[in-house]
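Note on naming: letters A, B, ... go to the chains in the order of the sequence lines (proteins, then strands), and numbering restarts at 1 for each one.
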Amino acid sequence: MAGMEDLYKEIIMDHYRSPRNRGELLSPPATRTEGFNPLCGDEIVVYLIVDDGVLTDIKMTGQGCSISQASASLMSAAVKGKPLSDVRERIDTFKALMTVHEAALDGEASDAVDLRRLGELAALQGVVKFPVRIKCATLAWNTLIQGLEEISPT
Amino acid sequence: MAGMEDLYKEIIMDHYRSPRNRGELLSPPATRTEGFNPLCGDEIVVYLIVDDGVLTDIKMTGQGCSISQASASLMSAAVKGKPLSDVRERIDTFKALMTVHEAALDGEASDAVDLRRLGELAALQGVVKFPVRIKCATLAWNTLIQGLEEISPT
Amino acid sequence: MSGYDPALVRADFPLLGRVIHDHPIAYLDSGATSISPASVITAMSHYYENSHANVHRAVYVTAEEATATYEGARRRVGRFIGAPHPDEEVVFTKNATEAFNLFVKSWGASQLRPGDVVVLSEMEHHANIVPWFQLRDQIGIEIRFIPVSDDFRLDLSGLDELLVGAKVVSVTGMSNVLGTINPVRELADRAHAVGAILVVDAAQSVAHSVTNVVEMGADAIMFSAHKMLGPTGLGVLWVRREILSAMPPFLGGGGMIADVTLEGFTAASGVTRFEAGTPPIAEAAGLSAAVDYLEKLGMAAIADHEAQLTGHTLERLATEFAGRVRILGPSTLEKRGGVISLDVEGVHPHDLAQVLDQFGVCVRPGHHCAKPLMRRFGVVATARVSFGPYSTLGDLDALFDGLHHAVGVFG
Amino acid sequence: MSGYDPALVRADFPLLGRVIHDHPIAYLDSGATSISPASVITAMSHYYENSHANVHRAVYVTAEEATATYEGARRRVGRFIGAPHPDEEVVFTKNATEAFNLFVKSWGASQLRPGDVVVLSEMEHHANIVPWFQLRDQIGIEIRFIPVSDDFRLDLSGLDELLVGAKVVSVTGMSNVLGTINPVRELADRAHAVGAILVVDAAQSVAHSVTNVVEMGADAIMFSAHKMLGPTGLGVLWVRREILSAMPPFLGGGGMIADVTLEGFTAASGVTRFEAGTPPIAEAAGLSAAVDYLEKLGMAAIADHEAQLTGHTLERLATEFAGRVRILGPSTLEKRGGVISLDVEGVHPHDLAQVLDQFGVCVRPGHHCAKPLMRRFGVVATARVSFGPYSTLGDLDALFDGLHHAVGVFG
Ligand SMILES: Cc1ncc(COP(=O)(O)O)c(C=O)c1O
Ligand SMILES: Cc1ncc(COP(=O)(O)O)c(C=O)c1O
């Protein structure tokens, strides 16, 4: 049985208490994307500026639980200033991290995620042991994906 | 547990094999009333002639199981040629007979039905032990009630 | 509370034997769904093991038993709510939500005209909002909301204006977020005075106090078996006979017809016209047993017991968490039930619930399907504590241990 | 049939231990509802005793278990029918009938225009007729019926004309009266060729042979848990993802929304948009166990076993009751399943069923919710014998004893 310490890691509590990149950006030029979790009411607004293929700035507002807030903060730190290709890679890695549990439930093997490549994001790994909280952790990321989609539709 | 002999009494089988008052009456002057049991598909048509407060003639067509056919036949024999007040009394007695079971299910006391006043109709008493068949037995009676209603609305 | 022994009651509920994270489970989420006594679980197994057959159309013994079980449940639950004519007024649905949809889309769609007014309240559950919006989008009715005051009550000061043109007032008997118990009888009288009917969402109240549809003055009520110690998969719609008899069918299919040809169909009369397809038979058996159990405890005794727990909780919150915990709901026992929504400063409801889980305490974080009410009070979610007949002071001790811990971690 | 031991299977079903009128029960009414193995009953008790909580919105342990059980059932049943994307295609309803209503009133009402053609067949169950009539009465579509030939098959000779203007063909995979198995793949191809979708009523077939929605070429299928060894109170709608994603919601309420304000609501995406209110959670646990059980026996083995019983019955009817019993359905095993409708000369189906009950034999008399088909063959009712995986030759011996007796009494 998973314990609290798996979920509320120190890094997570730190990002929850002192969220990085919080605030708004003038839109336009920034894109402004809203996301919300209908199950628990958490909301987020993600502002993005992409310049010449690089995510030069990201800011966020919104309210939510420690996991959704910390995940948003960790995300912003992980993608800010990165070329879009790196950003997409980060997104994929995060997604892989979050689907471990689903796959395990189904009894299927899943590609192990290389935790070293994750840096601080690895702190979110414990969330998969709390399936209901996965939706909290993914809110910011899904909103980011949607925002990038608006900037350059795939 | 109720046995077959409670249901398929000799009188019932007799009325089923040789139904009384089967056929049609010219309508008008006769009233023509259709009844059917949506659960099992049984159908009946009841023709009535009321003259000066007396049910002078009754005929029936239709198809159905032994219980519905015998009940119809028994009914026709019991009401034909009777003043309407007698007919209504017969109907009430029959109804009381058929609700014994429902009442017993509900754990409520019910007025005992005086079987001697029933004559041949008493043969239908066993039906109450087979709740699903009550609907078969009541089809003709409900159609008779409807027909009388058309003749002199209460 | 003479004779009501929570410890004895607790022993009737197998689930309460569970140990969660080394703590005995403290189930404080009865507002979402109640748990079941062994007698309810056994009643359903008994059906499956002995009388598993379809209802209504067969003559063999197990089918007769199944029919008697199903129709018996209709009478049983009808009597439980004081229905004058259970056989002609109680419709089984899959949950309270379907009951609302059935009523709105049958009665509403056939009786309401464009411009007719439907009066709801700001504290309604989505089940009593969304179907009306769907109907509005289809036929153009107008929907108005009775506001909720700062002291968490229906604000009836403007009711006369709201009622102009109203054909139906539909409100909850008890809020699933605030715990507020609404003045149903008064609303019935005022609705009837302008020719409107009164619909009551009884989902939260039916298992916690005496329900009598006649005394309430209601024209229709809805509730779910799973919130009254019964099973999932079964809801109840009660509609006064005069109103029900004019309602067209909702779902079409087997069992609800008088006849079907290649040209069209005619609907059956009576309640079966609203019960298309194979009904929830085992669930009806479970509900009968649940009602038996509730009545054995006594609805008044249950209400007393839960009021005592509620009072105790409100007191401890006031003394131990003054200024740190806001209660979204009345702070005294007057006209309130055993549902307590907490807004803890600095602790998101999700985190609070997660910490409480570590203490074996089950509470529900979220908007509780009442988003308009959440917006009204400027929160996105609360952590909700809610009681059942099996709740004990021991559950509350676990709750407060957890609360103190959570405030420590996040505060 | 190596490895398939009906006596062993029978032992898994508690209800088969019953003695009726001094006879072991011979349950031959699986077409109406099947009975359940102990594992299904236990799976539901287990939920009530251990994980009884509401789904989706809470973080405590039992609620997580409940959610895993419910969503796990969606995947389990999705895989069982070969659904490419179970999580996005399997909708839980209360029964097959609600599944039809949901599909017709969501997809049909939003996609069909006045004059569009819906093609059904004369052998449909009311569940696949009445909802379409309701939609016709609302928006003015045209409904056509594929006729049934004298040899109890769909008469496809005029199909090209019937398909002119068709947007949907909706037929049963197997008739619940005739036992006829329809050429679903051919119908899919011909429907698709004219741009129509194919809907399959799988209620009768899903528990008796392998179901693969992709191989069938179906766009939507419906069935009920209670006809596949599972519980009452649960149905399944599978819709191909591309089609489902364009369907508007049906019932409104909690759980199916993205947002609700005082002005209106927006629906959630995904299958939950069709699952308003508290879902049938225990029932989903039961269905998972039922699917496990069916797959353990093996669908092909079950089909073989039931074919053997069907063949045996057809033979004995032909030899022992030639000229006295008409079978409403194919008289050989080709493209037919284990549902045999009897029309016994001089013995009304109700009386026949009543006599059989005295022998412990459960068969169903009536129109089987297929009145157009009854009219087609000039009967008001039949007595229907239908098999399940637990049926045995012993059941047939009891059936034939009873048949001989009934013919003696009424003949
Ligand atoms: C072919 C067919 N379709 C649909 C149904 C409806 O199923 P349910 O009553 O479970 O909704 C049935 C069973 O009665 C059936 O046999
Ligand atoms: C006040 C109220 N109304 C309606 C409902 C809907 O009940 P169900 O989900 O069983 O349909 C609920 C429970 O969620 C409720 O609390």
Side-chain angles (χ1 to χ4, degrees), chain C residues 14-15 18 20 32-33 35-36 41 45 48-50 52-54 57-62 94-95 97-98 100-101 125-127 129-131 133-134 145 224 226 231-233 251-254 257 259-262 264-265 276-278 280-283 350 353-354 357 362 364 366 369 371-372, chain D residues 14-15 18 20 32-33 35-36 41 45 48-50 52-54 57-62 94-95 97-98 100-101 125-127 129-131 133-134 145 224 226 231-233 251-254 257 259-262 264-265 276-278 280-283 350 353-354 357 362 364 366 369 371-372:
Chain C
L15 185 133
R18 266 198 82 162
I20 305 277
T33 198
I35 57 175
S36 299
I41 305 169
S45 299
Y48 285 119
E49 289 170 1
N50 293 280
H52 194 176
N54 215 323
R57 269 175 301 260
V59 298
Y60 54 84
V61 169
T62 56
K94 68 173 171 176
N95 51 28
T97 301
E98 190 202 350
F100 269 105
N101 280 272
H125 187 279
H126 295 163
I129 302 177
V130 178
F133 277 143
Q134 291 179 308
F145 291 89
S224 279
H226 73 85
T232 56
L251 303 183
I257 58 101
D259 199 9
V260 178
T261 68
L262 295 181
F265 77 99
T278 300
I281 310 168
E283 290 81 354
H350 248 105
Q354 193 83 58
D357 173 56
C362 310
R364 185 147 299 237
C369 297
K371 291 199 83 172
Chain D
L15 184 133
R18 264 198 84 163
I20 306 277
T33 197
I35 56 175
S36 299
I41 305 169
S45 298
Y48 285 118
E49 290 170 1
N50 293 279
H52 194 176
N54 215 324
R57 268 174 304 258
V59 298
Y60 55 82
V61 169
T62 56
K94 68 173 171 178
N95 52 28
T97 301
E98 190 202 351
F100 269 106
N101 280 272
H125 187 279
H126 295 163
I129 302 177
V130 178
F133 277 143
Q134 291 179 307
F145 290 89
S224 279
H226 74 86
T232 56
L251 303 183
I257 57 102
D259 199 9
V260 178
T261 69
L262 294 181
F265 76 98
T278 301
I281 310 169
E283 291 79 356
H350 249 105
Q354 193 83 58
D357 173 56
C362 309
R364 186 147 298 238
C369 297
K371 291 199 83 170

Give, as side chain, backbone, both or neither, the part of [X] having an atom under 4.5 angstrom from any heavy atom of chain D.
X: C/Ile129; answer: side chain
X: C/Phe100; answer: neither
X: C/Ile257; answer: side chain
X: C/Asn50; answer: both

inquiry  = Quick check for you: among C/Ala353, C/Gly277, C/Ser45, which has the greatest number of heavy-atom pairs under 4.5 Å with chain D?
reply    =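 Most heavy-atom pairs under 4.5 Å with chain D: C/Gly277.
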remark   = From the list C/Thr232, C/Ile281, C/Asp357, C/Val130, the residue making the most non-hydrogen contacts under 4.5 Å with chain D is C/Thr232
key: Heavy-atom contact with chain C under 4.5 Å, split by part of D/Thr261   = both
ask   = Most heavy-atom pairs under 4.5 angstrom with chain C, which of D/Gly366, D/Ser36, D/Ser224?
value =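 Of the candidates given, the most pairs with chain C belong to D/Ser36.
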request  = Among D/Pro131, D/Ala53, D/Ala127, D/Ala58, single out the residue with the greatest number of heavy-atom pairs under 4.5 Å to chain C.
outcome  = D/Ala58
Flag side-chain contact, heavy atom, 4.5 Å: [X] against [Y]:
X: D/Phe133; Y: C/Val260; answer: yes
X: C/Arg364; Y: D/Asn54; answer: yes
X: D/Glu283; Y: C/Glu283; answer: yes
X: C/His52; Y: D/Ile41; answer: no
X: C/Arg18; Y: D/Val61; answer: yes
X: C/Thr278; Y: D/Thr97; answer: no

If I take atom [atom1] from residue [X] and atom [atom2] from residue [Y], how far apart are they, to the nearest 0.5 angstrom?
X: C/Glu98; Y: D/Leu251; atom1: CD; atom2: CG; result: 6.0 Å
X: D/Asn95; Y: C/Lys94; atom1: CG; atom2: NZ; result: 9.0 Å
X: D/Glu49; Y: C/Ile35; atom1: CD; atom2: CD1; result: 11.5 Å

ask   = Which atoms form the tightest heavy-atom contact between D/Leu262 and C/Pro372, and what is the distance?
value = CD2-CB, 3.8 Å
